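All values derive from a computational prediction rather than experimental measurement. Every chain is numbered from 1, with letters handed out A, B, ... down the list of sequences.
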Amino acid sequence: MAKPGARTGDLRQIEAKWQSAWERDHVYVARADAGRPKWYSTVPYPYMNGYQHLGFGTSFLRAEFQSRFRRMLGYNVLHPQAFHCTGLPILGAAKRIAEKEPKQWEILRAMGIPDREVPKFADPMHWIEVFPAATMEDLKALGAAVDWTRSFITTPLNPPYDAFVRWQFHRLKDGGYVRIDKHPVIWCPKDQAPIGDHDRLEGEGETPMEYTLLKFPLADGRFLVAATIRPETVFGQTNLWVDPDAEYVVARVGDERWILNDLASKKLSEQGKSVAIESRIHGADLLGKDVVAPAINRAIPILPGSFIDQGRGTGIVTSVPSDAPDDYAALRDLQQDDRLLTKYDLDAERIRAIRPIPIIRTPGWGPLPGVEIVDRLGIRNQGDREKLEQAKAEVYKTGFYRGVLNENCGPYAGVRVEVAKDEIRKELTSKGQADLMYEPSGVVICRCMTTAIVKVVDNQWFLSYADPAWKARVHEAIASMDLYPEALRKWFDYVTDWLRDWPCAHHRGLGTILPWDANWVIESLSDSTIYMAYYTIAHALQGGALRSSVPWAQRLDDGFFDFVFFGSGSAKGVASHLGLEVELIEGLRQEFVYWYPVDLRNTGKDLVQNHMTFCLFAHTAIFPREQWPRGFAVNGWVRMAGRKMSKSRGNVWYIREAVREWGADVIRLTVANAGDGLDDPNVDMDFAESAKARIEEWLRFATSKHATRKDHHGIDAWFLSILSRSIQASRTAMEGMNYKAALRHGYFDLQASWSWYVRRSEGRPQVDVLRRFIDVQTKLLAPFVPHLGEEIWHRLGGDGFVVNAQYPESIAGEIDPRAETAEVLLQSTLADVREILKVTGIAPKRLALYTVPAWKVHVHRIARELAKQGPILMNVLMERALAEPGMRERAKEVAAFAKKLAEDLQHAKLDELDRFGSVDEFAMFRENLGFLEKELRVKVDVFRADDPKRWDPSKKADHAVPGRPAIYLE
RNA sequence: GCGUGGGUAGCCAAGCCCGGUCAAAGGCGAGGGACUCAAGAUCCCUUCCCGAAGGGGUUCCCAGGUUCGAAUCCUGGCCCACGCACCA
């Protein structure tokens with residue numbers, strides 16, 4: 001059994017060694033330097049409710065690779081990293097630990113927190129102490145090229161950052177980007193608080209949904225109120241449903257008296273209505289009476305329905321049996337139930353006469369989908385809940401997107417359901433026949449076990465992302481950015497249009513107090529949009545600590561930030577206010593001006609539609625155009641061995657585990673190879689295994705002695721040509737953040753070419769070529785495996801650090817198409833011989849190659865010339881070919897060959913045409929006889945096909961054409 | 001449903017924008033070989049089907065179309081992943 005520790009042990013020591021060397025020499029600490037071009041990469045700070053896993057690791061590394069690449073291109077590179085503690089999840093999780101909830105306990109244990117430590121996490125502060133430090137450790141162990149002097153945590157625990165967020169919100173408010181309005185939220189009536197996804201026992205992702213309240217006046221002027229999500233079906237109403245066994249209330253709502261259930265009255269009172277209950281009434285007492293249905297303004301009867309969910313809506317339901325399966329089933333039940341009709345003293349004849357009214361045409365459905373689906377699914381009665389739910393979902397979905405109202409829908413005839421729905425609601429509301437009510441889109445249960453309702457809060461602060469003028473500026477920003485991959489552009493444009501106003505403050509959670517309204521805490525996606533600017537000065541404000549204790553930084557005000565970021569106000573004023581030297585303040589201003597804007601911000605695709613787009617909104621609101629972000633990049637969700645990484649699957653892999661198991665360089669290489677673009681990158685353990693072996697082998701290879709030669713062979717030119725091309729391809733891929741492609745060009749393919757080169761050199765590479773190869777390969781790999789690179793670099797006596805070395809450049813003069821063409825010819829000939837051997841199964845004694853005869857070379861050359869000028873005309877080609885001496889004698893052969901050429905070369909590209917004829921095939925094969933004999937283990941002869949003295953027992957020589965010698969095997 | 005990205009050999013994946021050099025790179029896996037006392041590592045060969053001469057056949061989700069020529073362009077369809085919000 002191989003002991004993974006044994007060999008990775010070496011790598012681990014190497015990694016630790018160089019990590020401390022980099023730290024000792026402050027290699028990644030970046031300060032403004034007006035004499036050098038800058039590059040500024042960032043990754044959104046991760047949320048500190050646990051150790052970071054490889055998902056964050058991947059997003060981080062994809063930015064870090066770029067930072068390292070830019071560093072090697074000569075840029076002064078800033079790559080900072082902070083830690084996000086704002087918001088609800090830490091509080092929620094801490095509370096759950098305090099309550100000893102097993103699930104939360106298990107999550108911490110799964111991260112490797114020992115049992116005795118877990119209780120400490122009942123205090124939210126403990127999270128904020130443990131995880132930022134741990135994440136920093138993890139990233140350092142991963143070899144992160146980060147300037148840690150600029151790190152910090154968010155929230156008021158870090159006063160200068162808190163001051164920065166207040167400044168940001170003042171600027172947004174001054175710019176008119178903040179407004180206050182009503183807002184429906186999912187709400188726990190017991191806690192008297194909104195319930196975010198993280199605080200729900202059930203119902204993650206459910207949101208407030210608008211119901212239309214339809215008002216049905218009784219003869220006495222009171223209204224029965226029914227809730228529906230299908231106001232467009234009012235034209236098909238036949239009756240009203242009330243549960244005879246339920247209790248309802250009569251409530252004064254505004255100036256009216258409404259009848260609905262008690263729960264609904266409570267909900268409405270949370271939704272901005274004044275509701276006063278006056279009396280109670282049994283459902284049964286309402287039966288048999290008539291009400292006037294809204295929209296159709298017709299009298300319809302109140303009938304008993306037992307299917308009504310009293311927890312949803314008002315407990316009263318309007319009946320549209322044509323399109324609602326529930327209604328049809330209930331109607332059918334009633335029509336067939338004499339006992340019930342008698343019990344409630346209902347007009348049996350009238351009720352039995354009720355027929356569903358067709359109102360919507362939906363492709364694939366008959367005129368009465370409600371009836372149709374009840375029949376199709378074999379629904380027996382209104383108690384058949386499971387099937388009825390299925391039926392509703394099916395009918396509603398197709399009806400909504402495809403349905404069109406038909407001619408008995410008055411002014412809405414011919415209008416699509418999707419559109420009519422809103423128009424009808426608006427019309428009925430304006431006529432006083434309808435109102436609005438919110439319900440959660442699905443059942444939501446609070447952690448306190450209470451079922452949630454929707455509350456309309458009436459003083460919610462919003463960032464007005466819906467503002468068209470603001471959107472337009474964001475579109476401008478998007479248009480001017482570099483996006484990796486390019487497909488992001490469409491996505492960002494779409495999200496920008498789709499965003500509505502964003503509630504930017506809430507009542508709970510960690511965060512900055514809204515500066516003008518102390519009842520609110522700024523919400524965590526809203527405060528984290530321009531903090532990349534904070535990084536540029538963070539080294540001074542933080543004083544090297546995540547929570548600043550720099551005295552003057554505790555007292556920052558808007559004037560300070562106005563000066564540093566806008567250059568407005570006076571440095572002197574700001575300095576004296578803070579008790580500082582003017583130079584310090586001016587220096588900070590210079591840092592900001594130098595580093596901003598961000599050149600690259602990379603993240604997982606989950607942040608596209610919030611953080612990343614918010615970041616653009618905030619920048620366009622606060623900063624001038626020159627300081628808008630220059631580049632965004634996005635990667636997919638990390639998969640482990642082809643499966644999505646998730647806590648429930650138990651295949652979450654933390655950075656610390658990964659590094660412990662494989663070492664940093666292997667993980668880095670595996671992540672780089674996991675895949676580019678928006679597809680989900682796949683972290684492949686098999687690859688990691690072979691990557692480990694490969695880099696160990698590379699270390700060994702690069703640092704050991706080799707048998708070499710001093711003299712130059714033809715193959716040297718070939719390898720140098722390939723080397724230059726690899727460098728070029730690798731650079732291009734790096735620039736486009738296509739790391740998998742970069743590895744392919746700059747590592748795998750290059751290694752394969754080296755193998756071939758060594759084989760062609762009889763195991764003795766040319767000494768300078770070898771040295772060059774090791775140097776280039778080490779540098780091409782350095783962004784991915786910097787520790788290994790550093791080790792090699794130093795063992796070979798390199799100056800400084802390889803991570804600061806110049807990235808290799810291709811040398812145009814070394815690109816040698818002729819050498820490459822010759823090599824292709826040799827390889828393809830070898831492949832041809834092998835194929836013949838494979839197919840025939842013969843064990844050859846002797847191999848003969850016949851290179852193309854002179855006359856074919858001539859004809860080919862003429863054909864190429866003609867092909868460059870346009871379509872090849874056979875008569876012109878023949879005329880010119882036969883003009884050459886000695887051609888007339890073989891006119892027939894020439895004609896056959898010429899005809900074939902005319903076809904073959906017709907569509908060839910220019911550089912392809914030029915490549916032909918650049919190689920003296922005979923000389924090339926002669927030169928490489930030894931190689932061929934060794935490879936094929938057979939005696940090889942090379943003849944010119946037109947050599948009269950050739951050995952050619954089966955007349956193969958005629959088959960030779962340019963780029964393809966004839967082959968004879970005996 | 002809308003939006004976005006996809007569907008390529010056993011698996012992962014490149015190619016598609018810019019049609020021909022594509023039976024289609026690379027990696028992994030599998031098989032064979034070299035080296036070795038052996039294991040590992042490394043290197044070489046093979047890996048859609050047929051073939052006793054370098055060839056032929058059938059392929060790039062499906063069905064049509066454009067073209068001398070389609071994995072690539074167009075039309076229609078099927079399928080998959082992610083997102084659809086107040087929150088990280």
Peer 1: Verify whether the ring centers belonging to His706(A) and Phe701(A) lie closer than 6.0 Å.
Peer 2: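 For His706(A) and Phe701(A), the ring centres are under 6.0 Å apart.
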Peer 1: Look at the aromatic rings of His84(A) and Tyr47(A) and report parallel, tilted or perpendicular, splitting at 30° and 60°.
Peer 2: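 His84(A) and Tyr47(A): perpendicular rings.
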Peer 1: Provide the closest heavy-atom pair for Met612(A) versus Phe632(A) in the form atom of the first, atom of the second, distance.
Peer 2: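 Distance-wise, the nearest heavy atoms are O-CE1, 3.4 Å.
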Peer 1: Of the nucleotides G5(B), A53(B), A41(B), which has the atom closest to the Ala693(A) side chain?
Peer 2: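 Nearest to the side chain of Ala693(A) among the choices is A41(B).
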Peer 1: Would you check if the distance from the ring center of Trp502(A) to the ring center of Phe614(A) is below 6.0 Å?
Peer 2: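 That pair passes the under 6.0 Å test.
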Peer 1: Name the closest nucleotide to the His506(A) side chain, picking from G26(B), C87(B), C45(B).
Peer 2: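 Given the options G26(B), C87(B), C45(B), the side chain of His506(A) is closest to C87(B).
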Peer 1: Given that both distances must come in under 3.5 Å, which nucleotide forms a Watson-Crick or G-U wobble pair with C82(B)?
Peer 2: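 Result: G3(B).
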Peer 1: Using the P atom as the reference point in each nucleotide, state the distance between C79(B) and G15(B) in Å, no decimals.
Peer 2: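 These two P atoms come out 27 Å apart once rounded.
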Peer 1: Taking the six-membered ring for Trp, is the centroid-to-centroid distance between Phe617(A) and Tyr465(A) below 6.0 Å?
Peer 2: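 Yes; Tyr465(A) has its ring centre under 6.0 Å from that of Phe617(A).
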Peer 1: Measure up the Tyr494(A) and Trp498(A) rings against each other and bin them: parallel (under 30°), tilted (30 to 60°), perpendicular (over 60°).
Peer 2: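 Aromatic pair Tyr494(A)/Trp498(A) classed parallel.
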Peer 1: Tell me which of Tyr47(A) and Trp491(A) sits closer to the 5' end of RNA chain B, going by the nucleotide each one is nearest to.
Peer 2: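 Nearest nucleotide further toward 5': that of Trp491(A).
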Peer 1: For RNA chain B, whose closest nucleotide is more 5', that of Ile967(A) or that of Ile186(A)?
Peer 2: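 This one resolves to Ile967(A).
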Peer 1: From G54(B), U4(B), C44(B), pick the nucleotide closest to the side chain of Ile836(A)?
Peer 2: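 Out of G54(B), U4(B), C44(B), the nucleotide with an atom closest to Ile836(A)'s side chain is G54(B).
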Peer 1: Using the P atoms only, state how far C2(B) lies from G57(B), rounded to an integer number of Å.
Peer 2: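 Each nucleotide's P atom is 43 Å from the other's.
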Peer 1: Could you please name the option among C87(B), G54(B), C45(B) that lies closest to any side-chain atom of Leu525(A)?
Peer 2: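 The answer is C87(B).
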Peer 1: Counting the atoms with a prime plus P, OP1 and OP2 as sugar-phosphate, which does Arg964(A) contact under 4.0 Å by heavy atoms, base, sugar-phosphate, or nothing?
Peer 2: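 Base, at least one base heavy atom under 4.0 Å.
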Peer 1: Any base atoms under 4.0 Å from Tyr968(A), or only sugar-phosphate, or nothing? Heavy atoms, all strands.
Peer 2: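 Result for Tyr968(A) = base.
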Peer 1: Taking the side chain of Glu523(A) as its heavy atoms from C-beta onward, which of C87(B), G26(B), G54(B) lies nearest to it?
Peer 2: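 Side chain of Glu523(A) sits closest to C87(B).
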Peer 1: Compare the minimum distances between each of C87(B), G51(B), C28(B) and the side chain of Glu835(A), then state the nucleotide with the smallest one.
Peer 2: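 Of all the options, the side chain of Glu835(A) is nearest to G51(B).
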Peer 1: Looking only at side-chain atoms of Gln609(A), point me to the closest of G5(B), A53(B), C84(B).
Peer 2: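 Of all the options, the side chain of Gln609(A) is nearest to C84(B).
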Peer 1: Roughly how many Å apart are A53(B) and C44(B), using the P atom of each and rounding to a whole number?
Peer 2: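 The answer is 29 Å between these two P atoms.
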Peer 1: Go through C86(B), G27(B), G55(B) for me and flag the one nearest to the His183(A) side chain.
Peer 2: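 Closest nucleotide to the His183(A) side chain: C86(B).
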Peer 1: What is the nucleic acid contact for Pro965(A), judged by heavy atoms within less than 4.0 Å: base, sugar-phosphate only, or nothing?
Peer 2: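 Result for Pro965(A) = base.
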Peer 1: Between A71(B) and A13(B), how many Å separate the two C1' atoms, rounded to a whole number?
Peer 2: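 These two C1' atoms come out 14 Å apart once rounded.
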Peer 1: Please identify each residue that fulfils ring pair (Phe, Tyr, Trp, His ring centres under 6.0 Å) with Trp187(A), with sequence neighbours left out.
Peer 2: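 Counting only residues at least two positions away or on another chain, Trp187(A) forms no ring pair (Phe, Tyr, Trp, His ring centres under 6.0 Å).
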Peer 1: Under the salt bridge (Lys or Arg N to Asp or Glu O under 4.0 Å) criterion, do Glu697(A) and Arg694(A) qualify, and how do the steps go?
Peer 2: CA-CA 5 Å; Glu697(A) 172 60 19; Arg694(A) 271 172 174 274; over 6 Å; no
Peer 1: What's the gap between U47(B) and A9(B) when it is taken at their C1' atoms, as a whole Å value?
Peer 2: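 My reading of the C1' atoms in U47(B) and A9(B) gives 10 Å.
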Peer 1: Among C44(B), G5(B), U42(B), which nucleotide has an atom closest to any side-chain atom of Lys490(A)?
Peer 2: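 For the Lys490(A) side chain, the nearest candidate turns out to be G5(B).
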Peer 1: For Ser690(A), answer base if it contacts any base atom (sugar-phosphate contacts may also be present), sugar-phosphate if it contacts only those atoms, and nothing otherwise; contact means non-hydrogen atoms under 4.0 Å.
Peer 2: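 Ser690(A): backbone/sugar contact only, no base atoms under 4.0 Å.
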Peer 1: Within residues 493-504 of chain A, which residues have any heavy atom lying less than 4.0 Å from an atom of RNA chain B?
Peer 2: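 Contacts with RNA chain B under 4.0 Å: Tyr494(A), Trp498(A), Leu499(A), Arg500(A), Asp501(A), Trp502(A), Pro503(A).
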Peer 1: Which is true for Leu969(A) with a 4.0 Å heavy-atom rule: it touches a base, it touches only sugar-phosphate, or it touches nothing?
Peer 2: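 Base: the residue Leu969(A), judged by heavy atoms under 4.0 Å, touches a nucleobase.
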Peer 1: Which nucleotide wins on minimum distance to the side chain of Leu88(A), given the candidates A25(B), G54(B), C87(B)?
Peer 2: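 Given the options A25(B), G54(B), C87(B), the side chain of Leu88(A) is closest to C87(B).
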